[in-house]
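Below, chain A is the first sequence line, B the second, and so on; all start at residue 1.
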Protein chains: 2
Amino acid sequence: MCNRLHIRGESMVTIRDVAKKAGVSVATVSRVLNNKGYSHEDTRKLVNEAIKELNYKPNEVARSLFKKKSRLIGLLLPDIRNPFFPELARGVEDEMQEQGLHLIIGNADEKPEKEIDYIQTFKQNNVIGIISATNQAETELYEDLSFPVVFLDRITKSHPSVYADGLDGGKKAAHEIIRRGSKRIALLRGPIELRTAQDRFKGAVDELCNANVDFQVITSSFSFHDAEKMAKTLFEKFPETDGIIASNDLSAAAILHEALRIGRSIPDDLQIIGYDDIPLSKLLFPPLSTIRQPAYDMGREAAKLLIKIIGKQPLVQKNIQMPVTFIERQTTRKVE
Amino acid sequence: MCNRLHIRGESMVTIRDVAKKAGVSVATVSRVLNNKGYSHEDTRKLVNEAIKELNYKPNEVARSLFKKKSRLIGLLLPDIRNPFFPELARGVEDEMQEQGLHLIIGNADEKPEKEIDYIQTFKQNNVIGIISATNQAETELYEDLSFPVVFLDRITKSHPSVYADGLDGGKKAAHEIIRRGSKRIALLRGPIELRTAQDRFKGAVDELCNANVDFQVITSSFSFHDAEKMAKTLFEKFPETDGIIASNDLSAAAILHEALRIGRSIPDDLQIIGYDDIPLSKLLFPPLSTIRQPAYDMGREAAKLLIKIIGKQPLVQKNIQMPVTFIERQTTRKVE
DNA sequence: ACTATATGTGTAACCGGTTACACATTAGAG
DNA sequence: CTCTAATGTGTAACCGGTTACACATATAGT
C-alpha cells in the first residue's frame with residue numbers, strides 16, 4: 001500500500017502546477033517556456049526552478065492542438081524490407097535528431113491504401129512536413145496538404161526532391177560492363193512509374209545503343225519476391241547472356257545467386273552490375289560490382305531541404321541531384 | 001487567382017461545422033461519431049450526411065488531448081538496417097492496421113539516448129502502447145509508463161513478451177552441425193546483455209558439451225560492421241575450424257563471404273549455420289542454412305498481445321514463446 | 001391516470017497548452 | 001517633471017474535441 005503513494009504517470013504535471021509553484025500565472029510560464037514576449041530575469045529563474053523541481057514536460061498534444069503544429073516529421077518508405085530504404089531513413093533520422101525534431105516512420109509496403117492511411121495519420125498528428133520515398137509521387141495524394149513535402153529518391157515536378165543522377169548511373173553501368181567486354185547484355189528495367197528507375201534505364205539504353213553490343217530489356221519490380229522468379233526466367237530465355245545490368249542490388253543478388261546455381265562463372269563468363277550499393281552487396285560472393293547511390297547522404301539532404309522549407313528559408317535549389325559512383329568489386333572483370 | 005477560391009487545408013472542418021449543418025449540437029455529433037449514449041435514428045442519419053458532405057474528419061489531436069489516448073502504437077527497433085527487424089515490423093504493422101490502429105516506428109540505432117528520445121516522443125503523443133525490440137529491456141526506461149509495453153524478440157521478467165525459443169534454436173544449430181560431421185566448431189556469441197542471444201548460446205553450448213567435438217566461443221555484436229572484422233580475425237586465429245555457428249544471419253553472411261574469399265570450400269571443408277533466416281539468406285551463395293525465427297509471425301503475435309492488454313482482455317499467457325526451425329540449405333552438408 | 005424508467009438532446013466545463021489584450025510599472029526623452 | 005515607449009504580468013478566450021449533467025419527452029408498469 002505504501003507504493004501507492006507513488007502514483008504512476010506522475011508525468012501529469014501541468015503548466016498550472018508550475019505556475020502555482022512559481023507564484024506566477026500560466027501565461028508567464030508559457031512565455032518563459034517559449035522565450036516569447038517579455039519576462040523578468042528573476043521570474044524566469046523562479047519558473048525554471050519550479051519546472052525542474054516538478055520535472056515538468058509540456059504536453060505536446062495540447063501544444064499541437066492550439067498551434068496546429070507539432071515537432072513531428074513523417075517519413076514514408078515504400079518497402080522497409082529493401083535495405084536501401086532503411087539506409088535513407090538513417091540519414092533523415094540523424095539530421096532530424098540534430099534539429100530537435102522527431103521522426104515517425106511509415107512503411108507503405110507499396111500499397112496505395114497504406115500510403116493514404118499513413119498520410120492521414122501524419123496529417124491528424126499535425127506533422128510539420130513529410131519526406132516521401134514512395135511510388136506515388138505523381139498522384140494527388142500529396143496535393144492539398146497544409147505542410148511541405150519533399151520527395152526522396154523520387155522525381156516530380158510538383159514538389160522539391162532529392163535524388164541521385166539516374167541517367168548517369170545507367171550510363172555508367174552500361175559503360176563499365178561494355179568496357180569489360182560483355183557483348184550480349186540483359187538490361188533490367190525497374191517499375192515504369194518510377195522516374196528514377198526510368199532514368200537509369202534510359203541512361204543505360206543510350207550507352208548501349210552507341211556501342212556495338214546486343215541487348216534485351218526485361219521489366220521487373222524492385223521487390224525480393226519477384227527478383228527470384230525473374231532471375232530464373234532470365235536464364236531460361238536468354239542463356240547466351242554474358243552481362244546483366246540489374247535495376248537494383250536486390251535483383252542483382254537474386255540473379256547472381258541463380259547464375260551460380262546453374263554453374264555460370266562470375267565474372268569470367270557473365271558479368272553483373274547492381275544498383276544502390278546496399279550494405280549486403282559487399283557480403284555477397286563474389287562481392288557485387290554496383291552503382292552506388294549515396295543513400296545516407298540523400299536522406300540527410302532531404303531532411304535539410306525540408307527543414308529549410310519549413311523555416312521558410314530561401315532555397316538555392318528545389319531539386320537536389322546527387323552523384324552516383326561505380327563501385328568496382330568482383331562481379332565484373334578487371335581492366336588495366 | 002481563381003485557384004485561390006479553393007483554399008488548401010480545407011480539412012479544417014470542425015465538429016461545430018457539422019453540428020450546424022445537421023442542425024444539432026456538438027454533443028450529439030460526438031455521440032453519433034463514437035456510438036456512445038443515446039441518439040435517434042433520424043438524427044444519426046442527418047449527422048452522417050453532414051459528415052459526408054463536409055468530408056469531416058475528427059481531429060485526432062483534440063481527441064487525444066481530452067482522452068489522453070490516441071490510436072497510435074509505438075514500435076521501437078534497435079537497428080533498422082538489420083533485415084530481421086523490418087520483418088518483425090511488417091508483422092506488427094499488418095496486425096495493427098487490421099485493428100484500425102496506427103503504427104509509428106522508431107529506430108533506436110542501438111543508442112540509449114535515441115531510445116529515450118523515442119519513448120519520450122511516444123509518451124508525448126499519447127500512444128496507447130509500445131512494442132519494443134531494443135536492447136534495453138532491463139533498464140528503467142520502461143518502468144513508469146502509463147500504457148502497456150510488450151517486448152518483442154526480447155525476454156524480460158517485468159513485461160509481457162514474444163520471442164522465439166533460443167535454447168532450442170542454439171541446440172538445433174549445434175545438433176545439426178555436429179550431426180553433419182564438424183569437429184572443430186566456432187560458436188559465435190551475440191551481445192551479452194540480450195537474453196535471446198544468450199539463450200541461443202547456452203542451447204548450443206549444452207549440445208556441444210554433450211558431443212565429442214572441440215569448440216571455441218567468440219563474442220560479437222549483431223551489427224554489419226563488426227561482422228566483417230570478426231570474420232577476418234576468426235579465420236586468422238582459428239584456421240582449423242570446420243564448422244561455425246553464427247549468432248545471426250548477418251554475421252553468417254560476413255563469415256561465408258570471408259571463407260570463400262580465402263578459398264575455403266563450403267560446405268565440404270567448412271559448414272556454416274546462421275540464425276534468423278532473413279530474406280537475403282537464401283540469396284547468398286551457397287544459400288545459407290540457418291535457424292529460422294518466424295519474424296513476421298512474432299511481430300503479429302506481439303501486436304495481438306498488446307492489443308489484448310490494451311483492451312484489458314484476460315491473458316492466457318504473458319510470455320509467448322515461438323518455435324524455431326532448422327532451414328537446410330547449402331552451407332551444411334547433406335545427410336541421408 | 002400516475003409514476004418510474006428509458007430515450008434523446010443541448011449547455012457548458014474540461015483536457016493543457018498559447019496568446020490577444022488590458023493593466024501596471026519603469027525607463028527614457030524633452 | 002511630464003509624457004510616451006518599453007517592459008512585465010495576469011485574465012480569459014481559444015484550439016477541437018468529449019462528457020457530466022440538466023432537461024424534455026416517450027414508453028411501460030400498475
Any residue of residues 28-45 of chain A with a heavy atom less than 4.0 Å from an atom of DNA chain D: Thr28(A), Arg31(A), Tyr38(A), Ser39(A), His40(A), Thr43(A)

Do Glu98(A) and Arg300(A) meet the salt-bridge criterion of a basic N to acidic O distance under 4.0 Å? yes

Toward the 5' end of DNA chain C, by each residue's nearest nucleotide, Val24(B) or Phe66(B): Val24(B)

State, without any angle test, whether Tyr142(A) and Ser132(A) hold a side-chain donor-acceptor pair at a distance under 3.5 Å. yes

Looking at Asp94(B) and Arg90(B), does any basic side-chain N land under 4.0 Å from a carboxylate oxygen? yes

Lys111(B) NZ: over 12 foreign heavy atoms closer than 6.0 Å: yes

Does Asn82(B) use its side chain to pair, donor to acceptor, with the backbone of Phe84(B) at less than 3.5 Å? yes

Counting heavy atoms not belonging to Glu113(B), are there more than 12 under 6.0 Å from its CD? yes

Please determine whether a side-chain nitrogen of the Lys or Arg among Lys304(A) and Asp297(A) lies less than 4.0 Å from a carboxylate oxygen of the Asp or Glu. no

What are the 5'-most and 3'-most nucleotides of DNA chain D lying under 4.0 Å from any heavy atom of chain A? dA6(D) to dG16(D)

Touch class at under 4.0 angstrom, heavy-atom based, for Val61(A) against every strand present: nothing

So does Arg63(A) pair up with Glu60(A), basic N to acidic O under 4.0 Å? yes

